[in-house]
Visitor: 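Sharing a structure, written as structure tokens. Questions coming.
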Amino acid sequence: ARVNAITYNCVLIFIKLLSEIGNEIVVIMEANGKWNSTNNWGGRLYLEADNLSLPWLNEEFSDLPVQFNKGRSSFKIWSKWSKGKLNSFHASTLNRALSIVTQQKKQFKADQLNAEFWLTKKQDDWVVQSNNIYYQLDEQSWNSGNIFVTALNNETNPSFHGHAENINLK
């Protein structure tokens with residue numbers, strides 16, 4: 001479905017996937033402004049995937065910084081844009097049976113990895129908040145409370161500030 005009223009556009013895309021790739025992908029985009037001027041548009045973008053095969057991403061996006069050997073992911077992403085730039089980003093994700101290798105051959109595995117996080121622009125700085133992080137591998141699990149990180153965008157002295165609440169290090 002597409003609605004167009006002068007400078008407002010709404011696009012809804014629903015994709016039913018082959019079972020070996022996943023269940024479905026949903027994309028909803030609301031935008032306003034002039035698309036031919038990158039500094040003159042804004043809006044919201046929502047992306048949802050259900051039971052997506054992570055190794056399939058290797059085939060479709062060959063320039064990824066990691067290689068997905070194994071895993072399935074379900075996620076929801078909300079983002080807001082202003083003047084052609086990202087203002088905020090919120091994601092909720094559930095991942096199962098992960099096996100990931102970096103370009104430096106470092107490996108990461110998890111039976112389950114769930115997380116929710118926010119990325120918000122505050123003037124020139126970015127604030128990252130995460131909560132409900134759950135990691136499980138074999139019989140070991142880790143559950144966190146809230147984690148906050150602020151990246152200060154100062155050209156002469158860039159820095160990070162962090163704060164964590166209720167981290168369970170079992």
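Owing to the predicted nature of the structure, the values given are computational and were not obtained by experimental measurement.
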Visitor: Looking at every heavy atom in both Phe68 and Leu57, which two are closest together, and how far apart are they?
Guide: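 Answer, listing the atom of Phe68 first, then Leu57: CE1-CD1, 4.2 Å.
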Visitor: With the 4.5 Å side-chain cut-off for hydrophobic clustering, are Val66 and Val101 part of the same group?
Guide: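 No, no single cluster joins them.
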Visitor: What distance separates Glu48 CD from Asn23 CG, expressed to the nearest 0.5 Å?
Guide: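 Separation between the atoms: 10.5 Å.
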Visitor: For the pair Leu52 and Leu17, evaluate side-chain contact (heavy atoms from CB on, under 4.5 Å) and give the outcome as yes or no after the intermediate values.
Guide: CA-CA 9 Å; Leu52 187 66; Leu17 300 171; 4.1 Å; yes
Visitor: Could you go step by step and tell me if Trp81 and Leu45 meet the side-chain contact (heavy atoms from CB on, under 4.5 Å) rule?
Guide: CA-CA 8 Å; Trp81 299 74; Leu45 176 66; 4.2 Å; yes
Visitor: Roughly how far apart are Ile100 CD1 and Leu64 CG, rounded to 0.5 Å?
Guide: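 Interatomic distance, Ile100 CD1 to Leu64 CG, rounded to 0.5 Å: 10.5 Å.
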Visitor: State plainly whether one hydrophobic cluster holds both Ile15 and Val27, where clusters connect Ile, Leu, Val, Met, Phe, Trp and Tyr through side-chain heavy atoms under 4.5 angstrom apart.
Guide: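 Yes, it is one cluster - the side chains of Ile15 and Val27 are joined through contacts under 4.5 Å.
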Visitor: Once rounded to the nearest 0.5 Å, what's the spacing between atom CG of Asn32 and atom CH2 of Trp41?
Guide: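 Answer rounded to 0.5 Å: 9.5 Å.
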Visitor: I want to check something: taking the side chain as every heavy atom from C-beta on, are Asn131 and Trp118 in contact at a cut-off of under 4.5 Å?
Guide: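 A side-chain contact exists here, since the closest heavy-atom pair is under 4.5 Å.
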Visitor: Taking all non-hydrogen atoms of both residues into account, name the closest pair between Leu86 and Ser79 and its distance.
Guide: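 Answer, listing the atom of Leu86 first, then Ser79: CD1-CB, 3.8 Å.
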Visitor: Just do the side-chain contact (heavy atoms from CB on, under 4.5 Å) check on Ser88 and Leu119 with the steps written out, would you?
Guide: CA-CA 5 Å; Ser88 67; Leu119 177 65; over 6 Å; no
Visitor: Could you measure the distance from the CD1 atom of Ile21 to the CD atom of Glu59? Nearest 0.5 Å is fine.
Guide: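 Rounded to the nearest 0.5 Å, the CD1-CD separation comes out at 8.0 Å.
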Visitor: Does one hydrophobic cluster hold both Phe14 and Tyr46, with members joined at side-chain heavy-atom distances below 4.5 Å?
Guide: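 Hydrophobic grouping puts Phe14 with Tyr46.
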Visitor: With heavy-atom distances below 4.5 Å as the criterion, would you say the side chains of Ile133 and Asn114 are in contact?
Guide: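 No; the side chains remain at least 4.5 Å from each other.
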Visitor: Keeping to residues at least two apart or across chains, list the salt bridge (Lys or Arg N to Asp or Glu O under 4.0 Å) pairs with something in residues 93-116.
Guide: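 Applying salt bridge (Lys or Arg N to Asp or Glu O under 4.0 Å) to every pair that reaches into residues 93-116, excluding sequence neighbours, yields nothing.
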Visitor: Under the side-chain contact (heavy atoms from CB on, under 4.5 Å) criterion, do Cys10 and Met29 qualify, and how do the steps go?
Guide: CA-CA 6 Å; Cys10 181; Met29 182 181 71; over 6 Å; no
Visitor: With a 4.0 Å cut-off on N to O distance, would you call Glu30 and Arg44 a salt bridge?
Guide: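 A salt bridge is present here (some side-chain N lies under 4.0 Å from a carboxylate O).
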Visitor: Quick check on the hydrophobic clustering: are Leu94 and Tyr134 connected, directly or via other members, by side-chain heavy-atom contacts under 4.5 Å?
Guide: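 No, no single cluster joins them.
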Visitor: Donor-acceptor pairs under 3.5 Å, side chain of residues 71-78 to any protein atom, not counting sequence neighbours: which ones?
Guide:
residue: Arg72; atom: NH1; partner: Asn51; partner atom: O; Å: 2.7
residue: Arg72; atom: NH2; partner: Glu20; partner atom: O; Å: 3.1
residue: Ser73; atom: OG; partner: Asn95; partner atom: OD1; Å: 2.6
residue: Ser74; atom: OG; partner: Asp50; partner atom: OD1; Å: 3.4
residue: Ser74; atom: OG; partner: Asn51; partner atom: N; Å: 2.8

Visitor: Under the side chain to side chain contact (heavy atoms under 4.5 Å, CB included) test against Leu47, which residue among Ile28, Ile25, Ile13 passes?
Guide: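 Exactly one option meets the side chain to side chain contact (heavy atoms under 4.5 Å, CB included) with Leu47, and it is Ile25.
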